[in-house]
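Right, one structure below, let's go through it.
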Amino acid sequence: MAKTIVALDLPSVGEALSLVDRIGEAAEWYKVGSPLYTRAGPSIIEALQERGKKIFLDLKYHDIPNTVAQSVAAAAELGVALLTLHAAGGLDMMRAAREAVGSDGPRLLGVTLLTSFSAEDVEQVWDKELRSLREEVARLAALAVEAGLDGVVASALEAEALKRRYGSEFVVVTPGIRPAGSLAGDQARTATPGEAVRAGSDFLVVGRPVLQADDPVAVLKQIEAEIAKGAEDAP
Ligand code: C5P
């Protein structure tokens, strides 16, 4: 069954940990991104691990191969379970990351296109005509596979084709999840939990719908119910 990852996009360690404690057993997985990690450093990872949580370290590494290999090795020492690097960093960078972690280390995920990106954004940044966002995601995902990464971060719209092509072992992590009735915010490509599960996503990343809720546990339970329903309907 797909798992929910709560994106801990909160401005301070205190607020992050009080949310984690308020959520309690209702979530096992947390995503630590660059804002919180930049504030708190490895101590946030240790605090989550003390609470029995699993960590997705979303620092989206993108640098020269040697630097990324060292960063990934450091993340592996911290004991995180999932981490991200930009597929746009290229084959050598991703291969260096792969070599830096053993087979029992964190699973390495390629970031293809940020879910906030539209076709116009891609055209502006890369100065190229796009036939479709999907093709661009597929092209970058193929690079990640060639480099030996374990999976990718991809919207639900792309998950289905990626799973079909690379098989059920290929890990797909999907942000931009919006339970029925919540706001999209800056996400250009959103999906409900049910849609993401039916598309084959393994991990569903949810930030603001949980962080801004009056009752985060109720929202997580709603998401769990939508995941279970989606799993029943999945092909
Ligand atoms: O608040 P929201 O649910 O939109 O948060 C989504 C989280 O997933 C954010 O932390 C964002 O950085 C992250 N993310 C994303 N798109 C990606 C990779 C990560 O939105 N491609």
Side-chain angles (χ1 to χ4, degrees), residues 2-12 15-16 19-20 23 27 29-40 44-45 48 53 55-62 75 80-89 94 106-119 121-122 125 133-134 136-141 143-144 149-159 162 171-196 199 201-213 216 219-220 222-224 226-227:
K3 302 216 180 302
T4 305
I5 303 180
V6 177
L8 267 182
D9 297 330
L10 287 168
S12 72
E15 279 169 84
L19 179 77
V20 172
I23 287 174
W29 284 82
Y30 284 90
K31 181 173 89 72
V32 174
S34 57
L36 184 58
Y37 195 79
T38 304
R39 281 221 156 80
I44 185 68
I45 308 294
L48 288 167
K53 305 305 179 191
I55 294 127
F56 169 21
L57 186 63
D58 187 23
L59 299 181
K60 301 187 177 73
Y61 297 122
H62 188 165
V80 305
L82 296 169
L83 64 82
T84 45
L85 44 156
H86 273 283
M94 289 189 282
R107 283 188 277 178
L108 304 182
L109 305 168
V111 173
T112 57
L113 285 182
L114 297 173
T115 42
S116 58
F117 256 49
S118 64
D121 292 323
V122 178
V125 171
L133 278 173
R134 261 179 223 219
E136 189 62 8
V137 169
R139 197 180 64 73
L140 289 163
L143 264 191
L149 300 200
D150 300 293
V152 291
V153 179
S155 84
L157 303 174
E158 292 112 19
L162 290 168
V171 181
V172 177
V173 176
T174 299
I177 298 295
R178 292 294 176 267
S182 52
L183 299 171
D186 58 356
Q187 298 284 20
R189 289 172 284 150
T190 62
T192 64
E195 285 164 346
S201 303
D202 302 287
F203 292 94
L204 279 47
V205 180
V206 193
R208 285 162 288 183
V210 170
L211 306 181
Q212 295 173 356
V219 174
L220 282 162
Q222 183 194 338
I223 292 168
E224 290 299 314
E226 290 186 38
I227 288 176

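For this chain, numbers begin at 1 and follow the sequence in order. Note that ligands are numbered from 1 as they come in the structure, with each ligand's atoms numbered from 1 the same way.
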Who pairs with Phe203 by ring pair (Phe, Tyr, Trp, His ring centres under 6.0 Å), at least two apart in sequence or on another chain?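 Applying ring pair (Phe, Tyr, Trp, His ring centres under 6.0 Å) to Phe203 gives Trp29.
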
Main chain of Asp9, side chain of Lys31: is a donor-acceptor contact present, judged purely on distance under 3.5 Å?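 Flag not set: sc Lys31 to bb Asp9 has no pair under 3.5 Å.
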
Donor-acceptor contact present, side-chain Ser201 to main-chain Ala196, <3.5 Å: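 Yes; judged by distance alone, with no hydrogens or angles, the pair exists.
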
Give a yes or no on this: more than 12 heavy atoms of other residues, nucleotides or ligands lie within 6.0 Å of atom CZ of Arg139.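 It does: Arg139 CZ has more than 12 such atoms within range.
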
Can you name the side-chain hydrogen bond (donor to acceptor under 3.5 Å, both in side chains) partners of Thr4, sequence neighbours left out?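 If we apply the side-chain hydrogen bond (donor to acceptor under 3.5 Å, both in side chains) test to Thr4, skipping adjacent residues, the hits are Glu224.
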
Could you tell me which residues satisfy salt bridge (charged side-chain N to carboxylate O under 4.0 Å, His left out) with Arg208, sequence neighbours excluded, listed by chain and number?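 Here the qualifying residues are Asp186.
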
Could you pull out every protein residue that has a heavy atom closer than 4.0 Å to ligand 1, ordered by chain and then number?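 Lining ligand 1 at under 4.0 Å, by heavy atoms, one finds Ala7, Asp9, Lys31, Asp58, Lys60, Leu113, Leu114, Thr115, Val153, Pro175, Arg178, Gln187, Val205, Val206, Gly207, Arg208, Pro209.
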
